[in-house]
Number of protein chains: 2
Amino acid sequence: MAARDYGQYGGVTRGLELVGERWALLIVRDLLVGPRRYGELAAGLARIPSNILAARLKELQAAGIIRRVPHSRVIVYELTPYGRELEPVVLALGAWGFKALGDPRAEQVITPDSMTMDLRTAFRAHVAETLPATAYAARFGEAELLIRVDGSSLDVTRGGSSLDVARGDGPVDLAFAAGPDIRRLILGELAPERAIETGVVEVLRGRRALLTRFASTFHLAA
Amino acid sequence: MAARDYGQYGGVTRGLELVGERWALLIVRDLLVGPRRYGELAAGLARIPSNILAARLKELQAAGIIRRVPHSRVIVYELTPYGRELEPVVLALGAWGFKALGDPRAEQVITPDSMTMDLRTAFRAHVAETLPATAYAARFGEAELLIRVDGSSLDVTRGGSSLDVARGDGPVDLAFAAGPDIRRLILGELAPERAIETGVVEVLRGRRALLTRFASTFHLAA
DNA sequence: CCGGATCCTATTGGATACTG
DNA sequence: CAGTATCCAATAGGATCCGG
């Protein structure tokens with residue numbers, strides 16, 4: 001492997017040797033959501049050059065972090081058990097970075113996978129446990145997600161309100177479209193009612209009061 | 001600032017924009033141990049080019065992660081509160097990377113700051129709480145550390161057994177020198193008695209049985 | 001000395017085109 | 001679709017120099 005090293009012997013240094021290269025941790029982030037094909041990774045990481053994606057996949061594979069699995073005619077990449085152990089790292093970094101989010105710049109997009117991981121970082125299992133099971137359909141920019149909270153477990157899948165019924169996933173309790181300022185709701189800087197009043201969140205279906213439940217389920221202290 | 005961006009809007013991406021550049025997180029790691037001068041950082045990060053260190057310090061400062069403090073004739077860099085919130089990220093990455101450590105390569109050194117952070121990642125506060133307060137003096141390669149565990153709190157400082165008495169820090173219960181295979185003790189792959197028998201750990205002073213206490217205080221599951 | 005700034009070279013990463 | 005190949009721009013590395 002011999003990735004670019006730092007000349008030091010220690011845990012952090014070793015970690016950076018393995019996943020410190022540009023784009024590497026974003027590939028891991030997307031694979032934490034689920035196995036992905038080469039083209040799906042390329043689509044989710046819109047600006048990654050193809051050669052860099054190919055190089056990172058090889059390095060991550062050599063490091064035992066991901067696995068290349070031929071899966072009935074198509075090839076998918078998935079995390080190994082050791083790769084999955086990066087989840088706390090990605091969540092911690094995501095939580096920290098989330099607090100430094102400003103308004104999106106013109107070229108910035110929101111991908112379903114990145115949004116899914118952001119929801120996971122903000123998910124408070126111990127709070128959710130005390131609330132009734134709830135299904136949300138949420139649209140953030142282009143990304144449309146189906147978010148199911150049941151007890152202390154969270155399940156986020158792609159596609160929104162139109163798909164869930166066809167899949168027999170049960171009804172959605174609250175469907176909404178949100179602008180980027182929804183981060184302020186999650187950071188506790190914006191009250192749910194205010195979010196609706198100011199148009200940050202547009203409720204498409206369901207009781208608006210459920211947005212309060214959403215806000216207490218998904219929360220990051222600023 | 002306008003660090004190299006990824007064209008995505010999300011927590012992980014934002015985090016990587018701020019601390020994803022080469023060397024950045026290692027600077028943060030060392031500053032988590034305590035404020036450091038430019039020269040101390042350069043010494044701890046032996047292979048960092050001077051221009052890169054200077055560039056990173058400016059970027060981290062612009063991002064509100066560190067602060068440049070003139071401190072009676074000398075300048076020290078220290079973390080801001082927001083920078084200190086990177087501790088979980090560094091610890092998580094360190095714990096993950098620690099498990100992938102092999103034997104040190106020829107050019108690799110162990111620095112006191114990196115060793116200190118490795119001990120912090122492996123520290124089990126809830127176990128330490130159940131044990132008597134203990135002071136260890138440990139030498140790993142060049143790095144000599146004084147490790148004080150008291151209840152659920154851990155304090156690691158530089159310098160070894162010779163200094164502690166002069167500083168009035170109380171006596172050291174166990175002093176030892178360890179080779180890199182001590183990582184296997186921390187990973188639970190090597191029993192304390194075996195570590196002593198095989199020379200991985202050389203007890204210099206104190207009851208050898210205390211190494212068992214050390215091993216249960218500092219532990220990372222493989 | 002300490003805390004950098006400057007210069008130059010060696011590697012990496014980025015954009016795009018191309019192939020099995 | 002799943003990558004390679006090529007070429008250019010941006011960074012990192014290393015040595016040296018400079019001002020307080």
Side-chain angles (χ1 to χ4, degrees), chain A residues 1-8 13 16-28 30-31 35-63 66-78 105 107-109, chain B residues 1-8 13 16-28 30-31 35-63 66-78 105 107-109:
Chain A
M1 255 235 337
R4 225 132 53 101
D5 74 327
Y6 291 93
Q8 296 193 1
T13 318
L16 289 174
E17 284 174 8
L18 298 177
V19 295
E21 302 291 312
R22 203 164 151 71
W23 295 104
L25 215 51
L26 291 181
I27 294 172
V28 171
D30 285 4
L31 291 180
R36 293 284 180 266
R37 299 162 55 166
Y38 186 94
E40 294 175 319
L41 288 170
L45 274 27
R47 297 169 59 112
I48 195 174
S50 173
N51 57 343
I52 300 292
L53 176 55
R56 291 292 171 274
L57 288 173
K58 281 208 184 92
E59 293 159 10
L60 290 171
Q61 215 182 321
I66 68 174
R67 202 161 25 210
R68 188 174 185 274
V69 185
H71 206 270
S72 72
R73 299 210 59 84
V74 296
I75 289 161
V76 299
Y77 293 90
E78 61 179 33
R105 298 187 289 274
E107 11 69 70
Q108 288 188 314
V109 298
Chain B
M1 256 231 336
R4 226 133 55 98
D5 74 328
Y6 291 93
Q8 296 193 1
T13 318
L16 288 174
E17 284 175 8
L18 297 178
V19 295
E21 302 291 311
R22 201 165 155 72
W23 295 105
L25 216 51
L26 292 180
I27 294 172
V28 171
D30 285 4
L31 291 180
R36 293 284 181 267
R37 300 162 54 165
Y38 184 95
E40 293 174 321
L41 289 169
L45 274 26
R47 299 170 57 114
I48 195 175
S50 170
N51 57 343
I52 301 294
L53 176 55
R56 290 292 170 276
L57 289 174
K58 281 206 184 93
E59 293 158 10
L60 291 171
Q61 216 183 321
I66 67 174
R67 202 162 22 211
R68 189 174 185 272
V69 185
H71 206 273
S72 71
R73 300 212 54 88
V74 296
I75 290 161
V76 300
Y77 293 90
E78 61 180 32
R105 297 188 289 274
E107 10 70 69
Q108 289 187 314
V109 299

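Residue numbering restarts at 1 for every chain, and letters A, B, ... go by the order of the sequence lines. Computed from a prediction, not measured in an experiment: that's the story for all the values here.
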Interatomic distance, [X] [atom1] vs [N] [atom2] [rounded to whole Å]:
| X | N | atom1 | atom2 | value |
| --- | --- | --- | --- | --- |
| Ile75(B) | dC1(C) | CD1 | C1' | 14 Å |
| Ile52(A) | dT11(C) | CD1 | C1' | 12 Å |
| Arg22(A) | dA9(D) | CZ | P | 18 Å |
| Glu40(B) | dG4(C) | CD | P | 13 Å |
| Trp23(A) | dG13(C) | CH2 | P | 12 Å |
| Gln61(A) | dA2(D) | CD | P | 14 Å |
| Leu45(A) | dG13(C) | CG | P | 15 Å |
| Leu53(A) | dG3(D) | CG | C1' | 9 Å |

(message) Please pick, from dG3(D), dA12(D), dG14(D), the nucleotide with the shortest atom-to-atom distance to any side-chain atom of Arg47(B).
(response)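 Per side-chain heavy atoms of Arg47(B), the pick is dG14(D).
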
(message) The side chain of Arg68(A) is closest to which nucleotide in this list: dT12(C), dA2(D), dG14(C)?
(response)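 Minimum distance to the Arg68(A) side chain belongs to dA2(D).
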
Can you see if the side chain of [X] gets near the phosphate of [N] - specifically, an N or O under 4.0 Å from OP1 or OP2?
| X | N | result |
| --- | --- | --- |
| Arg56(B) | dA12(D) | yes |
| Arg37(B) | dG3(C) | yes |
| Tyr77(B) | dG4(C) | yes |
| Lys58(A) | dT4(D) | yes |

(message) Tell me if the side-chain of Ser50(A) makes a donor-acceptor pair with the base of dT4(D), cut-off 3.5 Å, by modelled atom types.
(response)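 Such a pair is found, so the answer is yes.
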
(message) With a 3.5 Å cut-off and heavy atoms only, can you find an N or O donor on one side and an acceptor on the other between the side chain of Asn51(B) and the base of dG14(D)?
(response)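 In this structure, the two groups form a donor-acceptor pair.
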
(request) Look at the side chain of Gln8(A) and the backbone N and O of Val109(B), then say whether any donor-acceptor pair between them is shorter than 3.5 Å. (result)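 Absent.
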
(message) So does Gly20(A) get a backbone contact from the side chain of Arg22(B), meaning a donor-acceptor N/O pair under 3.5 Å?
(response)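 Side chain of Arg22(B) to backbone of Gly20(A), a donor-acceptor pair under 3.5 Å: no, none is there.
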
(request) With rounding to the nearest 0.5 Å, note down the distance linking CG in Leu16(B) to OH in Tyr6(B). (result)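 Interatomic distance, Leu16(B) CG to Tyr6(B) OH, rounded to 0.5 Å: 5.0 Å.
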
(request) Look up atom CG in Leu26(B) and atom CG in Leu53(B), then write down how far apart they are to the nearest 0.5 Å. (result)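 Output value for this atom pair is 11.5 Å.
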
(request) Using the six-membered ring wherever Trp is involved, compare the ring planes of Tyr77(A) and Tyr38(A) and label them parallel, tilted or perpendicular (cut-offs 30° and 60°). (result)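 Ring orientation, 0 to 90° scale: tilted.
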
